[in-house]
Amino acid sequence: MLNKIIEIAKQAGEIAKDGFQSKFEIDYKSNSTDLVTEYDKKVEAVIINFIRKEFPTHSILAEESGQSEKSSEFRWVIDPIDGTTNFAHGLPIFSVSIGVQRNGKTIFGVVNDVMMETIYSAELGNGSYSNNTKLKVSSNYELKKSLLVTGFPYDLENYLPNISEKFSEFLLKSRAVRRLGSAAIDFCYIAAGVFDGYWEMNLHPWDMCAGKLIVEEAGGLVTNFSGKDIDIFSKEILATNGRIHSKMREILTS
């Protein structure tokens, strides 16, 4: 089944790549910063058609078309283009993210980092991989030597000034903070040891379903800001190598 997920993630990525920097229609969802392009819809349709053909009894939760509930114990959680704003502006940092859950627990996660031509994948209990290379989180214990990453919600005004305060504190107490604009890639770079810690608020299930498993299977830790276990519907995300987790928690909860 993992191979089938990788297969459709690759097909979806090719469609997104074909559309990148082409002329396409852009619509708006909740506000002027929450974009959706015709390629988000095209990619999602291809993935859903694949699922309906290969796994017709499975439920689907997708960013653009919403939820299709069936009696199956399996549910696919899909973000066709994670990083739509980047994609729309010609910035080559975006991904296809597909997670599969069984009875509410994520058992497979695949993220196609499209322009880097890298497939991140994980199976519950069997580790995480970047193409064919096994992943392992960083071994860094020091926040001051850490490279961190974050993201901002579309309804940013509802979270200020808290977000700006935490961002400023992490800037001062870490080596650097980045913002890539694709949560799924952020998770994968934690798993690969590129980043040491990642925090964000108000993510959606499709933003984190695959990425959360990929981090955990690479030896990382994913909780809310208080350190409690989360599911894909949680609104506070802290993902780290595990070694700087408590140090980031102290800042996020202070």
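The shortest side-chain heavy-atom distance between Pro153 and Ile163 falls under the 4.5 Å cut-off. Taking the side chain as every heavy atom from C-beta outward, Thr57 and Ser71 never approach each other to under 4.5 Å. For the pair Gln101/Ile232, a side-chain contact is recorded, criterion being any heavy-atom separation below 4.5 Å from C-beta on. The side-chain heavy atoms of Lys17 and Met115, taken from C-beta on, include a pair separated by under 4.5 Å. In this structure, the side chains of Glu236 and Leu252 stay at 4.5 Å or more apart for every pair of heavy atoms. Side-chain contact between Asn224 and Ser234: absent, with no pair of heavy atoms (C-beta onward) separated by less than 4.5 Å. By the 4.5 Å heavy-atom criterion applied to side chains, Thr223 and Lys228 are not counted as neighbours. Under the 4.5 Å side-chain criterion, counting only non-hydrogen atoms from C-beta, Asp82 is not in contact with Ile185.
Of all heavy-atom pairs spanning Asn131 and Glu117, the tightest one is ND2-O, 3.8 Å. For Met1 against Val100, the heavy-atom pair with the smallest separation is CE-CG1, 3.6 Å. Summarising the geometry of Ala122 relative to Ser128, their closest heavy-atom pair is CB-OG, 3.5 Å, with the distance given to 0.1 Å. In terms of heavy atoms, Asp196 sits closest to Ser146 at OD2-CA, 3.1 Å. Ile93 and Ser182 make their closest contact through O-CB, 4.4 Å (heavy atoms, listed as atom of the first residue, atom of the second, distance). When every heavy atom of Glu200 is checked against every heavy atom of Ala183, the shortest pair comes out as OE1-CB, 4.3 Å.
Ile244 and Leu172 sit in two unconnected hydrophobic clusters of ILVMFWY residues. Membership requires side-chain heavy atoms under 4.5 Å apart, directly or through other members. Cluster annotation: Ile251 is not connected to Ile190 through the hydrophobic network of ILVMFWY side chains, with a link wherever side-chain heavy atoms come within less than 4.5 Å. The cluster map of Ile, Leu, Val, Met, Phe, Trp and Tyr, joined by side-chain heavy atoms under 4.5 Å apart, puts Ile15 and Ile81 in the same cluster. Tyr129 and Tyr189 are assigned to two separate hydrophobic clusters, defined by single-linkage of ILVMFWY side chains at heavy-atom distances under 4.5 Å. When the side chains of ILVMFWY residues are joined at heavy-atom separations under 4.5 Å, either directly or via intervening members, Val43 and Ile51 end up in a single hydrophobic cluster.
Panel note: side chain Arg249, backbone Ser226; a donor-acceptor pair is recorded below 3.5 Å. One N or O on the side chain of Thr240 and one on the backbone of Gly242 form a donor-acceptor pair closer than 3.5 Å. At least one donor-acceptor pair closer than 3.5 Å links the side chain of Glu38 to the backbone N or O of Glu25. At distances below 3.5 Å, at least one donor-acceptor pair connects side-chain atoms of Asn112 with backbone N or O atoms of Ala9. The backbone N or O of Glu64 lies less than 3.5 Å from a partner atom in the side chain of Glu44, making a donor-acceptor pair.
Sorted by first and then second residue, the ring pair (Phe, Tyr, Trp, His ring centres under 6.0 Å) pairs with a member in residues 201-252 read His204-Trp206; sequence neighbours excluded. Listed by first then second residue, pairs satisfying salt bridge (Lys or Arg N to Asp or Glu O under 4.0 Å) with a partner in residues 125-147 read Glu142-Lys145, not counting sequence neighbours.
Screening Ile8, Asn3, Ile119 for a side-chain contact (heavy atoms from CB on, under 4.5 Å) involving Val110 leaves a single residue, Ile119.
For Met116, the CE atom sits in a loose shell: 12 or fewer heavy atoms of surrounding residues, nucleotides or ligands are nearer than 6.0 Å. By the neighbour-count criterion of 12 heavy atoms within 6.0 Å, atom CG of Asp18 is densely surrounded, having more than that number from other residues, nucleotides or ligands. Atom NZ of Lys247 sits in a crowded spot, with more than 12 heavy atoms from other residues, nucleotides or ligands closer than 6.0 Å. Annotation for Glu69: atom CD counts as buried by contact number, over 12 foreign heavy atoms lying within 6.0 Å.
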Step by step, would you call Met248 with Leu148 a side chain to side chain contact (heavy atoms under 4.5 Å, CB included)? CA-CA 10 Å; Met248 291 191 69; Leu148 308 180; 4.0 Å; yes
As a quick check of understanding, evaluate side chain to side chain contact (heavy atoms under 4.5 Å, CB included) for Glu217 and Leu124, giving each step before the final call. CA-CA 7 Å; Glu217 287 296 319; Leu124 184 64; 3.7 Å; yes
Test Asn158 against Asn202 for side chain to side chain contact (heavy atoms under 4.5 Å, CB included), laying out the working first. CA-CA 11 Å; Asn158 296 328; Asn202 206 29; over 6 Å; no
Step-by-step ring pair (Phe, Tyr, Trp, His ring centres under 6.0 Å) determination, Phe187 to Tyr120: CA-CA 10 Å; Phe187 278 113; Tyr120 295 91; over 10 Å; no
Hey, mind stepping through Arg243 and Asn140 against side chain to side chain contact (heavy atoms under 4.5 Å, CB included) and telling me if it holds? CA-CA 7 Å; Arg243 297 165 176 86; Asn140 173 42; over 6 Å; no
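Note on ring orientation: taking the six-membered ring where Trp is involved, the planes of Phe167 and Trp199 are tilted (angle from 30° to 60°). Using cut-offs of 30° and 60° on the angle between ring planes, the pair Phe20 and Phe94 is tilted.
The CD atom of Glu7 lies 4.5 Å from the CZ atom of Phe50; values are rounded to the nearest 0.5 Å. Rounded to the nearest 0.5 angstrom, Tyr154 OH and Tyr28 OH are separated by 12.5 Å. How far NE2 of His58 is from CZ of Arg102: 9.0 Å, rounded to the nearest 0.5 Å.
Judged by the 6.0 Å distance and 45° axis criteria, Lys42 is positioned over the aromatic ring of Tyr39.
Side-chain atoms of Thr84 and Asp40 include a donor-acceptor pair closer than 3.5 Å.
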